[in-house]
Amino acid sequence: MGQPLAAAAVAAVSIPAALLVGRWQMRAAMRTAEEAGRAGIAQAEATYRAALDAVRADAGNAYVQWRRSLRRDAYSELLLVAHRVRTAALLLTSGTPDESRARIESGTLATQRKSLGETEDSLTAAWLVVTLEGPRQAAAAAGDLVAACQSFSKSHKNDAIVEEAQHSLQLANQPVLAPGHPLPEFITTVEGLRQLVIESYGHEELMREIVRADQNSPVNVLRHRAYQLLDQIPDLRGPGLVMLTHSLMTLDVDDYEETTSQLNRAQSAFLAAAQSALDAEAGTQSHW
């Protein structure tokens, strides 16, 4: 009987011990599983963050590239339209006097003038797009380029108007006119007025003289005589007024070389500003 009791006692003691060991092992396994789970979650979060960062970087690069493309297209369009304005303006006054006369008589000048006006409208539209796209430095340079184009164009348009008016007066003066017809004297008076202004007056002095309206001053004597003669040929009043005004504004006529230099400088400045803006966009993209 003693041996069975001893065995039973040993078995009774062994069961709790086994349970205790099993519990320890289970707790260790749970801790290991928890640590593995946390590590897995951390790894998953890291992978997710990396993927999210990659998506954000791709999206950012795509946006920068899209914006850079819009700006490049806007800059290119402005430069192309500015070139077309320059070309169209030059066509108004290019060629020999005979070519100029043929251009006027055929109606080509009117067509070219209309084309220039449409191109100037396109220039304004292109400038507005650059102003919208920016940045400010490029927009400011674009404004200077547009102003220089307009000045260049205005100079050639004014010269074309004068050429057209001069042609009209010369054409009217070609037939045998009745003795005492006022047109030949008007043409002579206007030319004399132009030479007087060039040789004897500075701009401010001329303006003071006209405002003062001294009837006996040389410039006003010729001015009033020209107006008297022009009143006698009302059918030529339009071109006559153009030539008379031109003779007084000779000192204000834009110099070809100066307007061309201004346009070239403005174009170079805009190119530099545009390139700087595009380079900045490319640098932004590389840092995403």
Side-chain angles (χ1 to χ4, degrees), residues 76-130 141-174 183 186-187 190-191 193-195 197-198 203 226 230 233 235-271:
S76 298
E77 179 66 14
L78 180 62
L79 288 168
L80 289 173
V81 178
H83 177 71
R84 289 200 293 268
V85 168
R86 183 198 293 247
T87 301
L90 287 172
L91 286 175
L92 294 182
T93 56
S94 63
T96 64
D98 287 341
E99 290 171 337
S100 176
R101 182 174 62 255
R103 187 165 55 242
I104 293 170
E105 293 176 352
S106 67
T108 301
L109 179 62
T111 301
Q112 291 174 335
R113 186 182 290 116
K114 180 181 178 181
S115 177
L116 175 57
E118 293 171 349
T119 307
E120 288 178 318
D121 290 341
S122 297
L123 180 69
T124 301
W127 166 65
L128 290 174
V129 174
V130 172
D144 292 339
L145 175 57
V146 170
C149 280
Q150 291 172 338
S151 178
F152 183 87
S153 176
K154 179 182 177 182
S155 175
H156 286 271
K157 285 191 293 187
N158 287 342
D159 284 349
I161 290 172
V162 171
E163 285 184 4
E164 197 170 21
Q166 188 174 30
H167 174 73
S168 296
L169 294 180
Q170 289 173 347
L171 194 64
N173 195 38
Q174 283 179 359
L183 180 56
F186 173 78
I187 293 174
V190 168
E191 180 58 28
L193 179 60
R194 190 179 75 85
Q195 289 298 326
V197 169
I198 293 174
H203 182 276
L230 189 57
I233 43 176
D235 54 327
L236 293 174
R237 184 170 182 80
L241 283 174
V242 169
M243 295 306 300
L244 180 54
T245 302
H246 176 68
S247 68
L248 292 169
M249 304 303 292
T250 298
L251 299 177
D252 286 339
V253 174
D254 292 330
D255 182 77
Y256 278 127
E257 294 183 0
E258 179 58 25
T259 56
T260 301
S261 296
Q262 288 177 352
L263 181 52
N264 290 337
R265 289 194 299 270
Q267 179 174 288
S268 297
F270 176 70
L271 277 170

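Along the sequence shown, the residues carry numbers beginning at 1. Keep in mind that the numbers below use all heavy atoms, side chains included, and drop hydrogens, waters and symmetry copies.
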Could you give the distance from [atom1] ([X]) to [atom2] ([Y]), rounded to the nearest 0.5 Å?
X      : Y      : atom1 : atom2 : answer
Asn173 : Ser168 : CG    : OG    : 12.0 Å
Leu236 : Leu230 : CG    : CG    : 8.0 Å
Ile233 : Phe186 : CD1   : CZ    : 6.0 Å
Gln112 : Leu90  : CD    : CG    : 11.0 Å
Gln174 : Leu183 : CD    : CG    : 11.0 Å
Leu91  : Thr108 : CG    : OG1   : 10.5 Å

Can any side-chain N or O of [X] pair as donor or acceptor with the backbone N or O of [Y] at less than 3.5 Å?
X      : Y      : value
Arg84  : Leu116 : no
Ser106 : Ala102 : yes
Ser115 : Thr111 : no
Ser155 : Ser151 : no
Thr87  : His83  : yes

Considering residues at least two apart in sequence or located in another chain, which fulfil the ring-ring contact (aromatic ring centres under 6.0 Å, His included) criterion with Phe270?
Tyr75

If every non-hydrogen atom of [X] is compared with every non-hydrogen atom of [Y], which pair is closest and at what distance?
X      : Y      : result
Ala148 : Leu263 : CB-CA, 3.8 Å
Thr93  : Ala160 : CG2-N, 4.0 Å
Val85  : Ser153 : CG1-CB, 4.2 Å
Leu92  : Arg103 : O-NH2, 3.2 Å
Leu244 : Leu193 : CD1-CD2, 3.6 Å
Val130 : Ala142 : CG1-CB, 3.7 Å

Determine, for [X] against [Y], whether the closest basic-nitrogen to carboxylate-oxygen distance falls under 4.0 angstrom.
X      : Y      : value
Glu258 : Arg265 : yes
Glu120 : Lys157 : yes
Glu164 : Arg101 : no

Just by distance, with hydrogens left out, do Ser247 and Glu191 show a side-chain donor and acceptor under 3.5 Å apart?
no

Applying the side chain to side chain contact (heavy atoms under 4.5 Å, CB included) test to Ser122, which of Leu80, Leu78, Val81 qualifies?
Val81

Does anything in residues 100-124 pair up under ring-ring contact (aromatic ring centres under 6.0 Å, His included), and if so which pairs, sequence neighbours excluded?
none

Which of these passes side-chain hydrogen bond (donor to acceptor under 3.5 Å, both in side chains) with Ser100: Glu105, Glu163, Gln166?
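Exactly one option meets the side-chain hydrogen bond (donor to acceptor under 3.5 Å, both in side chains) with Ser100, and it is Glu163.
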
Between Leu145 and Leu79, does the side chain to side chain contact (heavy atoms under 4.5 Å, CB included) criterion hold? Intermediate values first, please.
CA-CA 9 Å; Leu145 175 57; Leu79 288 168; 4.2 Å; yes

I'd like to check the side chain to side chain contact (heavy atoms under 4.5 Å, CB included) partners of Ala165; sequence neighbours left out, ordered by chain and number.
Pro239, Val242, Met243

Residues Asn264, Arg86; criterion side chain to side chain contact (heavy atoms under 4.5 Å, CB included); working and verdict
CA-CA 11 Å; Asn264 290 337; Arg86 183 198 293 247; 2.9 Å; yes

Applying side chain to side chain contact (heavy atoms under 4.5 Å, CB included) to Arg194 and Val190, what does each step give before you reach the verdict?
CA-CA 6 Å; Arg194 190 179 75 85; Val190 168; 5.6 Å; no

